[in-house]
Peer 1: 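First, the structure itself, so that you have it in front of you.
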Protein chains: 2
Amino acid sequence: MQRLTVSTSEALDRFISRVSRRSPLSDDEAAALLALPATIQRARGNADIVSPGELVEQSCLVVDGMLGRFVQMVDGRRQITAMYVAGDMCDLHSVVVPRADGALQALSNVVVLRIPHDDLRRIAKRYPAIVEAFWRDCVVDASIQSVWMANMGRLDAKARMAHLLCEIGTRLEHAGVAKRDRFAFEATQSHLADALGLTPVHVNRTLQDLRSTGFVAIGNRRVEISDWAALAAIAGFDPAYLHLDQDTVSAATAWRHAPASRA
Amino acid sequence: MQRLTVSTSEALDRFISRVSRRSPLSDDEAAALLALPATIQRARGNADIVSPGELVEQSCLVVDGMLGRFVQMVDGRRQITAMYVAGDMCDLHSVVVPRADGALQALSNVVVLRIPHDDLRRIAKRYPAIVEAFWRDCVVDASIQSVWMANMGRLDAKARMAHLLCEIGTRLEHAGVAKRDRFAFEATQSHLADALGLTPVHVNRTLQDLRSTGFVAIGNRRVEISDWAALAAIAGFDPAYLHLDQDTVSAATAWRHAPASRA
DNA sequence: CGTCACTTTGAGACGAGTCAATGACCGTGG
DNA sequence: CCACGGTCATTGACTCGTCTCAAAGTGACG
């Protein structure tokens with residue numbers, strides 16, 4: 001599944017095409033992004049890419065695999081507050097707030113591109129459309145966080161799990177690396193537990209529950225969703241909050257919908 | 001409690017002084033912010049300032065009172081994903097993502113200043129330090145959201161409540177409108193429930209539990225914290241994530257701590 | 001002085017956590 | 001080639017935090 005040869009420009013290309021769908025860029029601006037210097041880094045699952053409290057000096061573009069941002073309590077319990085897939089620039093926010101609040105950790109074997117803040121700041125300064133794009137990217141990240149928070153507060157385990165699967169699928173498809181209903185998923189059940197605010201044991205039972213509906217097969221490091229509509233209904237999934245394209249969301253549909261199963 | 005006469009420049013002043021503590025601004029830049037046109041708006045508790053799905057065209061600076069950002073499910077359940085106090089510019093993110101994901105609602109009687117996006121964009125374009133300050137403000141908001149998410153996922157009701165009280169107190173003191181252990185708090189128990197992912201009934205019981213410790217007196221639209229250290233210990237509160245000042249946080253203390261009560 | 005919003009109380013139900021053990025898989029080294 | 005250790009998935013029995021439903025109490029305001 002993992003590419004063995006990765007060109008820097010190929011990875012940047014994916015980022016640029018994703019970003020430019022919500023923040024239009026001129027040829028000059030795209031070229032400036034493409035010319036960014038970057039160093040490739042590989043890491044195994046559970047390796048720290050950024051350690052908590054660290055003073056970060058480069059941002060991190062995901063080429064392959066999945067990463068998570070962790071907030072950790074001293075008793076060892078932790079919460080994943082964001083997940084990043086190929087094409088995502090995690091840590092873009094560290095350009096303006098370099099002190100990391102939490103860890104950035106690989107959830108699978110990953111390939112990332114590290115891009116110095118200095119270079120990002122340089123092109124941000126030269127091209128106003130690029131700062132705006134970066135700023136917007138951070139705001140959309142926050143929008144995703146809001147939805148995660150609402151789900152944790154107001155949905156049960158099954159709906160939260162279904163929602164996460166729908167979101168990851170949608171984001172992977174948008175990034176052009178998989179179909180939304182059929183993708184590699186290497187994170188463990190413990191990772192899912194940390195992302196959903198559950199225990200690994202309960203994640204396991206929740207997955208069995210979902211499998212038994214027949215809507216989704218998950219296991220063997222893959223997810224296969226056989227009935228997307230049904231899964232989305234359980235989750236109350238409405239992709240508007242991902243802001244995948246430039247404000248295509250009409251006022252009427254910008255609401256999130258509660259799961260149909262809780263009538 | 002509520003001021004009857006509010007000058008626009010006085011409110012902007014508070015915003016500028018708060019922002020400039022984490023994003024240093026030149027005199028020119030501060031002057032540009034101070035010269036922003038704004039219209040005063042008053043609203044009663046539970047009034048929508050921004051409706052979900054709306055296309056927002058102005059941002060909103062809190063002069064007095066408290067506001068919340070809501071994500072709502074169609075079955076009526078809702079989650080507060082952010083709370084804003086005096087000096088906060090809520091909706092700054094709407095400058096780059098104008099379609100509102102959720103509602104912005106008054107949690108008490110409020111006075112806000114509405115500032116057109118066009119004007120914010122104009123000065124953001126002219127002064128790079130200002131875009132950076134705005135971007136940073138949004139990133140800090142997201143940092144706060146991360147901590148809320150971690151708390152919802154990994155702390156029990158009592159610790160979550162204690163944490164929220166510590167956070168609001170700290171932010172109010174930083175904004176210069178109250179002391180952190182003694183402040184007006186007009187939000188209802190239902191609002192607290194929506195913010196913490198609980199039911200109003202359980203919020204009530206949790207407050208009784210906290211009151212019985214003697215560390216905090218809450219009621220009558222006021223909060224009085226008699227033992228800050230004890231409350232902070234219950235919450236595992238470490239204000240580093242608020243990024244109140246320009247990176248004063250050392251790597252060693254950037255971790256959040258788990259509540260001492262759960263040893 | 002009644003209405004309305006908010007707070008408080010009680011009893012019972014249920015979702016999720018805890019603890020503990022077993023099972024499946026996989027890479028590694030003897 | 002197989003025994004080993006490690007990580008991850010699964011299961012069972014029991015506990016506990018929080019929800020639900022319902023009702024009553026409090027206080028502000030017209």
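The sequence lines fix the lettering, A, B, ..., with proteins before strands; numbering per chain opens at 1.
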Peer 1: When we call it a touch if two heavy atoms are under 4.0 Å apart, what does Asn46(B) touch: a base, just sugar-phosphate, or nothing?
Peer 2: sugar-phosphate
Peer 1: If the helix axis at each end comes from five base pairs, how far does the helix from dC1(C)-dG30(D) to dG30(C)-dC1(D) deviate from straight, to 10°?
Peer 2: 30°
Peer 1: List the residues meeting side-chain contact (heavy atoms from CB on, under 4.5 Å) with Thr39(B), not counting sequence neighbours, and say none if there are none.
Peer 2: Arg114(B)
Peer 1: Any chance you could measure Arg44(B), atom CZ, to Ser108(B), atom OG, to the nearest 0.5 Å?
Peer 2: 11.0 Å
Peer 1: State the CD-CD1 distance between Gln208(A) and Ile218(A), to the nearest 0.5 angstrom.
Peer 2: 12.0 Å
Peer 1: Does any part of the side chain of Val110(B), heavy atoms only, come nearer than 4.5 Å to the side chain of Tyr84(B), both counted from C-beta?
Peer 2: no
Peer 1: What is the distance, rounded to the nearest whole Å, between atom CZ of Arg221(B) and atom C1' of dT26(D)?
Peer 2: 13 Å
Peer 1: For the ring pair Tyr241(B) and His163(B), is the centre-to-centre distance below 6.0 Å?
Peer 2: yes
Peer 1: Would you mind writing out the side-chain donor-acceptor pairs for residues 45-53 of chain B within the sub-3.5 Å range, not counting sequence neighbours?
Peer 2:
residue  : atom : partner   : partner atom : Å
Asn46(B) : OD1  : His191(B) : NE2          : 3.0
Asp48(B) : OD1  : Gln105(B) : NE2          : 2.7

Peer 1: Pull out every residue in residues 197-205 of chain A that has a heavy atom closer than 4.0 Å to any atom of DNA chain C, ordered by number, or say none.
Peer 2: Gly197(A), Leu198(A), Thr199(A), Val201(A), His202(A), Arg205(A)
Peer 1: How many Å lie between CG on Leu192(A) and P on dG17(C), as a whole number?
Peer 2: 13 Å
Peer 1: Over how many whole Å does the gap from Asn109(A) atom CG to dC26(C) atom P extend?
Peer 2: 14 Å
Peer 1: Map His191(B) and Gln208(B) onto DNA chain C by nearest heavy atom, then report which one ends up closer to the 5' terminus.
Peer 2: His191(B)
Peer 1: Look at all strands and tell whether Arg211(B) reaches a base, only sugar-phosphate, or nothing, counting heavy atoms closer than 4.0 Å.
Peer 2: sugar-phosphate
Peer 1: Round to the nearest Å and state the distance from Gln189(B) atom CD to dG25(D) atom C1'.
Peer 2: 13 Å
Peer 1: Pairs in or reaching into residues 189-214 of chain A: which pass salt bridge (Lys or Arg N to Asp or Glu O under 4.0 Å), with residues at least two apart or in two chains?
Peer 2: Arg78(A)-Asp194(A), Lys158(A)-Asp209(A), Asp194(A)-Arg154(B)
Peer 1: Working to the nearest 0.5 angstrom, can you tell me the gap between Ile234(A) CD1 and Cys166(A) SG?
Peer 2: 8.5 Å
Peer 1: Looking at dA16(C), dA9(D), dT9(C), which one has an atom nearest to any side-chain atom of Asp156(A)?
Peer 2: dA16(C)
Peer 1: Rounded to whole Å, how long is the line connecting atom CZ of Arg44(A) with atom P of dC26(C)?
Peer 2: 14 Å
Peer 1: Applying side-chain hydrogen bond (donor to acceptor under 3.5 Å, both in side chains), name anything that partners Ser143(B), two or more places apart in sequence or on another chain.
Peer 2: Asp101(A)
